[in-house]
Number of protein chains: 2
Amino acid sequence: MARILVVEDEPSIQELISVTLTRTGHDPLRAPDAETALRLLQAELPDLVLLDWMLPGQSGIDLARRLRGDERTRGVPIIMLTARGDEQSKVTGLETGADDYVTKPFSPRELAARIKAVLRRQKPQATEDPVEIDGLRLDPATHRVTARGAAVVLGPTEFRLLHFFMTHAERVHSRAQLLDSVWGDHVFVEERTVDVHIRRLRGALEASGHDALIQTVRGSGYRLSCQKD
Amino acid sequence: MARILVVEDEPSIQELISVTLTRTGHDPLRAPDAETALRLLQAELPDLVLLDWMLPGQSGIDLARRLRGDERTRGVPIIMLTARGDEQSKVTGLETGADDYVTKPFSPRELAARIKAVLRRQKPQATEDPVEIDGLRLDPATHRVTARGAAVVLGPTEFRLLHFFMTHAERVHSRAQLLDSVWGDHVFVEERTVDVHIRRLRGALEASGHDALIQTVRGSGYRLSCQKD
DNA sequence: CAGTATGGTGACGGTTTAGTGACAGGGGAA
DNA sequence: TTCCCCTGTCACTAAACCGTCACCATACTG
């Protein structure tokens, strides 16, 4: 769910893009001109900018330059929209610092693919290093968990949960913190749901000989600990 | 520091490219025609070829074919330079074995980015050596796959897919990563298409006695693994 | 000791994700 | 040209997973 600033003066195209973005799970911010765009850029700091190259008044290239000149907005990737065959724009655009371009007319699918590609390129994946505690080993790269050699099968959520515990061991985490870190800060689920997943995780670990790895701290939350108490 | 053969007859463009390459830390070899190119290819075995599609005399596509036909040069990646909007060339070029294309006119930045991308993609599998895992053998040179001696017949896409899996075994790859690595960055296909090709690949492998070689990691992607779990 | 709050647990529907068969279009070969 | 292979997409099916609840067990309180 990325917030994407759409700088486009033609209302119908603006609408088309915004609908496409919403449908692909993004959050469009609309700007019909450079001024609005600049304001929204400062206020919202979007994750990506879709920039029409031909804007009334200040042109897209100027906007791109100012965007790249500002410390705060420098890192925001730009995808520019150009008319078909306007190769010159393409060149200057990429030189100004656009990350990709889409030529009009474009298909919603292409647009979505470009956005996805740019966002993916932008975000280096999380820590990929294997973690090992007390004979229990979790490897994000292979997505495998083993307990003293024996495979442990986990669902996606249990996997993330265990990963979080192993990278933050010995520390007590409230249900709210776990929801934030493992589920994501925007989802709304009951806190008790954590209990259920803890149970599932414990079940899988006990089947592999790891008892009491995850401890309950009554009134506070849960903790992963190798010290038995 | 990669050695890059630039096959381009127009001196000014040749110059532009060479300068760009030098500035981005590469080592350009210049060839104004196909003959020189072939000679340099044999003598220097560069890490990458930048190939103008429109050459005097022998055309770029012929050169690409000969390059792919020769044992020694088969593994060298090709980026082709095409005129704007020449969609047909793009398609035939990619099918002949080009790894990417850049349309003229291009920006130095774009060129550098493409080169980096291709080299990065190339690096882990720089070897065109045969790969063998768990009795399954894939030979890029002969384009053949055998399972304990018995031939396995695969379509082109399944072959590349399997090759990628075998050179990146045990690791989980998302559908997006597979599309990038096997299909190419600039191709727009549905992510579910990966599923279908996985299925076709599995079908071919199972017919040869290799069950469960390619595993599904729910929510994440696929993995080739010889460890059964 | 009863009363209350907190966590454990099993089960259940709905939703999401992957598997699968079919199909139309395109390209190359004959 | 026709034929055949390959490809990407779709619709449908199958399965895994998730969140929630109800109920039980345990711990704390006075």
Side-chain angles (χ1 to χ4, degrees), chain A residues 1 24-25 107-110 112-113 143 152-162 172-176 178-179 182-184 186-207 211-223 229, chain B residues 61 65 68 87-97 143 145 152-162 172-176 178-179 182-184 186-207 211-223 229:
Chain A
M1 172 69 88
T24 49
S107 71
R109 172 184 299 175
E110 175 174 6
H143 214 273
V152 182
V153 282
L154 297 175
T157 307
E158 281 72 49
F159 185 89
R160 282 193 314 252
L161 188 57
L162 179 59
V172 180
H173 307 283
S174 72
R175 292 172 175 76
L178 290 171
L179 283 179
V182 179
W183 274 256
H186 45 72
V187 291
F188 174 69
V189 290
E190 293 289 327
E191 289 206 337
R192 289 302 305 277
T193 299
V194 175
D195 298 30
V196 179
H197 282 276
I198 290 280
R199 149 106 187 77
R200 287 168 182 161
L201 179 52
R202 279 173 171 161
L205 291 178
E206 276 171 26
D211 288 22
L213 234 184
I214 292 175
Q215 303 168 346
T216 305
V217 181
R218 194 178 174 84
S220 301
Y222 297 94
R223 166 179 58 192
D229 36 15
Chain B
I61 193 168
R65 283 225 180 84
R68 285 287 180 252
E87 300 293 328
Q88 194 48 46
S89 287
K90 281 182 202 170
V91 174
T92 57
L94 289 173
E95 277 171 356
T96 307
H143 217 267
V145 180
V152 181
V153 282
L154 295 177
T157 306
E158 280 72 49
F159 183 87
R160 277 182 319 214
L161 188 57
L162 179 60
V172 176
H173 307 282
S174 70
R175 291 172 175 76
L178 291 171
L179 283 179
V182 178
W183 275 256
H186 49 276
V187 177
F188 305 112
V189 291
E190 294 288 327
E191 288 206 338
R192 289 300 306 276
T193 300
V194 175
D195 298 31
V196 179
H197 282 276
I198 289 279
R199 164 158 172 359
R200 288 167 181 161
L201 179 52
R202 278 173 172 162
L205 292 177
E206 275 172 27
D211 288 22
L213 233 183
I214 291 176
Q215 303 169 346
T216 304
V217 180
R218 181 166 250 263
S220 299
Y222 296 95
R223 164 179 63 195
D229 39 13

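Numbers restart at 1 for each chain; the letters A, B, ... are given by sequence-line order, proteins then strands. On a predicted model such as this, the values are computed, not experimentally measured, just so you know.
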Which atom pair, heavy atoms only, marks the closest approach of B:Val145 to B:Leu154? CG2-CD1, 3.9 Å
Rounding to an integer number of Å, can you tell me how far B:Leu201 CG sits from D:dC6 P? 14 Å
Output yes when at least one side-chain N/O atom of A:Trp183 is less than 4.0 Å from OP1 or OP2 of D:dG19, else no. yes
Evaluate side-chain contact (heavy atoms from CB on, under 4.5 Å) for A:Glu191 paired with A:Leu178, printing each intermediate quantity in order. CA-CA 9 Å; A:Glu191 289 206 337; A:Leu178 290 171; over 6 Å; no
Tell me which of A:His197 and B:Glu158 sits closer to the 5' end of DNA chain D, going by the nucleotide each one is nearest to. B:Glu158
Distance check needed: D:dT7 P versus B:Leu179 CG, whole Å only. 14 Å
Minimum heavy-atom distance A:Ser220-A:Val172, with the two atoms named: CB-CG1, 4.0 Å
Among C:dG8, C:dG19, D:dG19, which is the nearest nucleotide to the side chain of A:Val189? D:dG19
Nearest-neighbour nucleotide for the B:Arg200 side chain, C:dG7, C:dA18, D:dT9 considered: D:dT9
Protein-proximity profile, nucleotides 21-30 of chain D, B/S/- by nucleotide at the 4.0 Å heavy-atom cutoff, equals B-----B---
For the pair made of CZ in A:Arg160 and P in D:dC18, what is the distance, rounded to whole Å? 7 Å
What integer distance in Å separates A:Leu154:CG from D:dC18:P? 10 Å
In this structure, how many angstroms lie between the P atom of D:dT7 and the CD1 atom of B:Ile198, rounded? 14 Å
Within the structure, does a side-chain N or O atom of A:Arg199 lie under 4.0 Å from either OP1 or OP2 of C:dG7? no
Indicate the ring-plane relationship of A:His143 and A:Phe159, choosing parallel, tilted or perpendicular according to the 30° and 60° boundaries. parallel
Closest to the B:Tyr222 side chain: C:dG19, C:dT9, C:dC23? C:dG19
Does A:Arg160 reach the main-chain N or O of A:Val182 with its side chain, forming a donor-acceptor pair under 3.5 Å? yes
Check whether any side-chain N or O of B:Arg202 sits under 3.5 Å from a backbone N or O of B:Ile214 as a donor-acceptor pair, and report yes or no. yes
Just the rounded figure in Å: distance from C1' of C:dT6 to CZ of A:Arg175. 8 Å
From CD of B:Glu191 across to P of D:dC10 the rounded distance in Å is 14 Å
N or O in side chain of B:Thr193 less than 4.0 angstrom from D:dT9 OP1/OP2: yes
Does a side-chain heavy-atom distance below 4.5 Å link A:Leu179 with A:Val187? no
Does B:Thr216 make a side-chain N or O approach to OP1 or OP2 of C:dT17 shorter than 4.0 Å? no
